[in-house]
Amino acid sequence: MVAPAALDFQGSSVDLARALIGAVLLVDGVGGRIVETEAYDAEDPASHSHRGPDARNASMFGPPGHAYVYRSYGIHWCLNLVCREAGHGAGVLIRALEPTEGLDRMRTRRGPVVDLLLCAGPGRVGQALGITPAHDGLPLDRAPFELRPAALRADVVVGPRIGISKAQEMPWRFGLRGSRFVSRRFP
DNA sequence: AGAACGATTAACT
DNA sequence: GTTAATCGTTCTG
């Protein structure tokens, strides 16, 4: 019997990003197993919270255990889970899921793509789960969110983050080893 | 005020 | 491998 890895929203975003691999995330009953995450922090030049609180990133400076939703490239809605003490500005970007529940609704939202690409990337996760600005700032421990920690400690691989120009060398992207549902392979 | 830039994706060569 | 789409935020003058 192995104790479930509890999700600690009070700790660092790097620790939470690692612990989230293998956890199950649902929004209105639609979602799956988290297979890829990235950590961001106020001391991190690549983070939206680096310049301090503003209208867009306010949720990152709100209470831990809540959602931070932002618009990416004017097109996509991406979901983060806020951690650390309120006011700090740290969070974890959900980059990919292995779809397990609500497949039909995901296929309707995502259009004609193979199931492997339903949630392989932060923008795709947002679209498949129906994430909107209305989810920004909502608590993760009640509807429409459902978050279940991984039953066993997952086999996690680490690598540099994707799509950033600052602090590219920081190994703050985490994935489930061998998963075919990640947005990109790990070296 | 205007230009440049994204925590991206889909389509194309 | 390259590139267009698309729009709020940030940088520059």
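Sequence lines set the chain letters: A, B, ... in the order given, protein chains first and strands last, and positions in each chain run from 1.
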task = Measure from CD1 on A/Ile131 to P on B/dT8 and round the result to the nearest Å.
result = 16 Å
inquiry  = Please name the nucleotide paired to C/dT12 by Watson-Crick or G-U wobble geometry with both distances under 3.5 Å, or report none.
reply    = B/dA1
ask   = With a 4.0 Å cut-off on heavy atoms, is A/Asn80 in touch with a base, just the backbone sugar-phosphate, or nothing at all?
value = base
task = For A/Leu93, answer base if it contacts any base atom (sugar-phosphate contacts may also be present), sugar-phosphate if it contacts only those atoms, and nothing otherwise; contact means non-hydrogen atoms under 4.0 Å.
result = base
message = Please tell me whether A/Ser183 and A/Arg95 have a donor and an acceptor in their side chains that are separated by less than 3.5 angstrom.
response = yes
inquiry  = Using Watson-Crick or G-U wobble geometry with both distances under 3.5 Å, which nucleotide pairs with B/dA7?
reply    = none
Sub-3.5 Å pairs of nitrogen or oxygen atoms, protein against nucleotides 10-13 of chain B:
unit_1, atom_1, unit_2, atom_2, d
B/dA10, OP1, A/Arg110, NH1, 3.0
B/dA10, OP1, A/Arg110, NH2, 3.3
B/dA10, OP2, A/Arg124, NE, 2.6
B/dA10, OP2, A/Arg124, NH2, 2.4

inquiry  = Tell me the interatomic distance from A/His48, atom NE2, to B/dC5, atom P, rounded to whole angstroms.
reply    = 16 Å
ask   = Taking atom C1' of B/dC5 as reference, at what distance in whole Å does atom NZ of A/Lys166 sit?
value = 9 Å
task = State, without any angle test, whether A/Ser59 and A/Asp136 hold a side-chain donor-acceptor pair at a distance under 3.5 Å.
result = yes
task = Determine whether the side chains of A/Tyr68 and A/His48 contain a donor N or O and an acceptor N or O closer than 3.5 Å.
result = yes
Connected via hydrophobic side-chain network under 4.5 Å: A/Val82 and A/Leu147 = no
query = If you look at every strand shown and take non-hydrogen atoms under 4.0 Å, does A/Arg161 touch a base, only sugar-phosphate, or nothing?
reply = nothing
Whole-angstrom distance between C/dT6 and B/dG2, as gauged at atom P = 22 Å
Protein-nucleotides 2-8 of chain C N/O pairs closer than 3.5 Å?
unit_1, atom_1, unit_2, atom_2, d
C/dT6, O2, A/Tyr73, O, 2.9

ask   = Expressed as a whole number of Å, how far does the C1' atom of B/dA7 sit from that of C/dG1?
value = 23 Å
ask   = What does A/Ser165 touch in the nucleic acid at a heavy-atom separation under 4.0 angstrom: a base, only the sugar-phosphate, or nothing?
value = sugar-phosphate
key: A/Arg173 side chain to A/Val157 backbone, donor-acceptor under 3.5 Å   = no
query = Counting side-chain heavy atoms from C-beta on, which of B/dG6, C/dT10, B/dA7 comes nearest to A/Asp54?
reply = C/dT10
Aromatic centroids of A/His135 and A/Phe145 separated by under 6.0 Å = yes
task = Starting at atom CG of A/Asp44, determine the distance to atom P of B/dG6, rounded to an integer number of angstrom.
result = 14 Å
task = Round to a whole Å and report the spacing from CZ of A/Arg95 to C1' of B/dT9.
result = 11 Å
query = Can a cation-pi geometry be assigned to A/Arg161 and A/Tyr40, taking NZ or CZ under 6.0 Å from the six-membered ring centre and within 45° of the ring axis?
reply = yes
task = May I ask you to say whether A/Glu36 pairs ionically with A/Arg180, meaning some side-chain N is under 4.0 Å from a carboxylate O?
result = no
task = In sequence, state the C-alpha distance, the side-chain angles, and the governing distance for A/Arg109 and A/Gln127, and then conclude on side chain to side chain donor-acceptor pair (under 3.5 Å).
result = CA-CA 6 Å; A/Arg109 288 164 173 163; A/Gln127 188 179 21; over 6 Å; no
query = Does a side-chain N-to-carboxylate-O contact under 4.0 Å join A/Asp115 and A/Arg110?
reply = no
task = Calculate the interatomic distance between A/Arg51 atom CZ and C/dT10 atom C1'; express it in whole Å.
result = 7 Å
key: Out of B/dT8, C/dT10, B/dA7, whichever nucleotide has its closest atom nearest the side chain of A/Ser72   = B/dT8
